[in-house]
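Worksheet: the structure to be examined is printed underneath.
The figures here come from the full heavy-atom set of this structure, side chains too, leaving out hydrogens, waters and symmetry mates.
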Amino acid sequence: MTILGLRTQTLVWLALGAIVLIALPLVVKTSFAIDIFIRILLFSFIGVAWNLMGGYAKQLSLGHAAYFGLGAYTSTILQIDFGISPWIGMVAGGVVAMLASLPIGWLCFRLRGPYFTIATIATAQALMLIFLKFRDFAWGAEGTTIPNLGNAPLMMQFEAKAAYYYVALGLLALGLFITYLIERSWMGYYLVAIGEDEDAAEAIGVNAPKIKRDIYMISSFLTAMAGTFYTQYIYFIDPATAFSFSISIEAALVSIVGGIGTLWGPVVGTVLLETTSTLLQSWLGGSVGGIQLTVYSLILMAVILWRPTGLMGVATEAYHRYVRRHPARA
């Protein structure tokens, strides 16, 4: 198969996948199933945003909940206090998250390895504590509900869940498109070089601090957009939800399981983990405590021990084996 043929085949598969995803809410009508699909799309998008930083550059951040929360609170405050549409608030939240990533990154990037990871966790937890104290400004620990306006598309409120599905699908498509462009640009190559050996990359002229700062800003902007969408979807916000440590963990987990530093890795990981989690909760309910975390742990240990490159790494290895055995068809 020639390179042109491979690209044509890839485009055909992408087109078929897009058609299936667009038609899915028209075929599946149950609210429960649509809710699962929305969660898969949302956490795929968060994973894609995290993967830019934690996957390609291999900067293991576990504090992305900070930007998720900043995006959520920015859009909510603008909506409730000033009547500004969440569509505008989504962009404003992204900008706020980008600006916040500058001082946070300036401090955290001075550290490496586990020290960097611990520092990112601390920033997210510090922001949660700050918003817990701001009762007059951000409603404190009690949080607040989003005013229900009925069917108001301009305010990102819809009567049908299918509309939220399409918004989440659009966000995921945006994240994948941005990742695709970065992956094939000079920045993508610099990120991989930094992830493999930052000192060696700097030795050949890569401005590692600038590259990490720029990709951190992009990653935080996308994560903040997810925060706005999630708040509008559940109609509620409080510090424990917006700055939840589980959001940071989930973003890293889906990327690691699917394959860090790959375009589709976070999507594959999210489909596996979110589907497994939801099915276990629906089948077992609260009868078996901790079953979700147990399964997550087993899946993560299996990937790290046997397939550290993630599920996308398995697919790549299988393709390479096929090419070696059938070179005439490659």
Side-chain angles (χ1 to χ4, degrees), residues 43-67 101-102 104-124 175-176 178-223 245 247-270 273 299-301 303-317:
F43 280 98
S44 294
F45 176 60
I46 297 172
V48 166
W50 182 91
N51 192 42
L52 288 170
M53 187 70 197
Y56 290 96
K58 293 183 180 176
Q59 305 293 311
L60 185 58
S61 168
L62 292 181
H64 265 53
Y67 308 112
S101 73
L102 292 175
I104 292 173
W106 181 77
L107 291 171
C108 294
F109 286 140
R110 295 170 176 268
L111 307 170
R112 294 191 186 183
Y115 303 104
F116 170 79
T117 303
I118 293 172
T120 59
I121 295 173
T123 57
L176 289 172
I178 291 174
T179 302
Y180 177 84
L181 294 179
I182 292 174
E183 187 180 59
R184 282 155 180 77
S185 68
W186 58 267
M187 177 181 279
Y189 293 113
Y190 284 177
L191 287 173
V192 173
I194 292 170
E196 292 299 324
D197 191 328
E198 185 172 339
D199 293 328
E202 289 184 327
I204 61 174
V206 176
N207 189 347
K210 180 180 183 300
I211 296 298
K212 290 194 294 184
R213 180 198 67 197
D214 292 347
I215 203 64
Y216 200 32
M217 291 174 66
I218 296 172
S219 180
S220 61
F221 183 92
L222 296 176
T223 306
F245 183 55
I247 293 172
S248 300
I249 294 294
E250 190 87 1
L253 274 181
V254 298
S255 300
I256 293 170
V257 171
I260 61 172
T262 61
L263 179 62
W264 295 101
V267 179
V268 174
T270 305
L273 292 177
I299 293 175
L300 186 60
M301 286 189 291
V303 169
I304 292 174
L305 289 175
W306 287 290
R307 287 293 184 266
T309 53
L311 297 179
M312 288 301 296
V314 176
T316 303
E317 291 174 11

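- In this structure, Y189 places its OH atom where only 12 or fewer heavy-atom neighbours from other residues, nucleotides or ligands lie under 6.0 Å away.
- Taking CG of L181 as the start and CE of M187 as the end, the distance is 11.5 Å to the nearest 0.5 Å.
- Inter-residue side-chain proximity for I215 and I182 is flagged as met; some heavy-atom pair is nearer than 4.5 Å.
- Taking CG of D214 as the start and CG of N207 as the end, the distance is 8.5 Å to the nearest 0.5 Å.
- Judged purely by distance below 3.5 Å, without hydrogens or angles, the side chains of Y216 and Y67 pair a donor atom with an acceptor atom.
- Atom CZ in F43 sits 11.0 Å away from atom CG in L273 (nearest 0.5 Å).
- In this structure, A119 and L111 approach most closely via the heavy-atom pair CB-CD1, 3.8 Å.
- Under the 4.5 Å side-chain criterion, counting only non-hydrogen atoms from C-beta, P266 is not in contact with S44.
- Taking 4.5 Å as the limit, every side-chain heavy atom of K212 sits out of range of all side-chain heavy atoms of M217.
- Taking every heavy atom of both residues into account, E183 and Y56 meet most closely at OE2-OH, 2.7 Å.
- Using a 4.5 Å heavy-atom cutoff, the side chains of C108 and T123 are in contact.
- Looking only at distances, a side-chain donor or acceptor of W50 sits under 3.5 Å from a matching main-chain atom of S61.
- When atom types are taken as modelled, the side chain of S255 and the backbone of I260 share no donor-acceptor pair closer than 3.5 angstrom.
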**Pair T120-L60, side-chain contact (heavy atoms from CB on, under 4.5 Å): steps then yes or no** = CA-CA 9 Å; T120 59; L60 185 58; over 6 Å; no
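- The structure places CD1 of I121 at 4.5 Å from CG of L62, a figure rounded to the nearest 0.5 Å.
- Between E198 and R112 the shortest side-chain heavy-atom distance falls below 4.5 Å.
- For the pair M53/S220, no side-chain contact is recorded, criterion being any heavy-atom separation below 4.5 Å from C-beta on.
- Between K58 and D197, none of the side-chain N atoms (NZ, or NE/NH1/NH2) sits under 4.0 Å from a carboxylate O, so this pair counts as no salt bridge.
- Side chain of S219 to backbone of A49: a donor-acceptor contact under 3.5 angstrom is found.
- Between the side chain of N51 and the backbone N or O of T262, at least one donor-acceptor pair lies under 3.5 Å.
- For the pair L176/V267, a side-chain contact is recorded, criterion being any heavy-atom separation below 4.5 Å from C-beta on.
- E250 places none of its side-chain heavy atoms less than 4.5 Å from the side chain of I46.
- Atom-to-atom distance recorded for E196:CD and L191:CG is 11.5 Å, nearest 0.5 angstrom.
- Heavy-atom minimum distance, I211 versus Y190: CD1-CD1, 3.8 Å.
- Pairing each heavy atom of G269 with each of V257, the nearest pair is CA-CG1, 4.4 Å.
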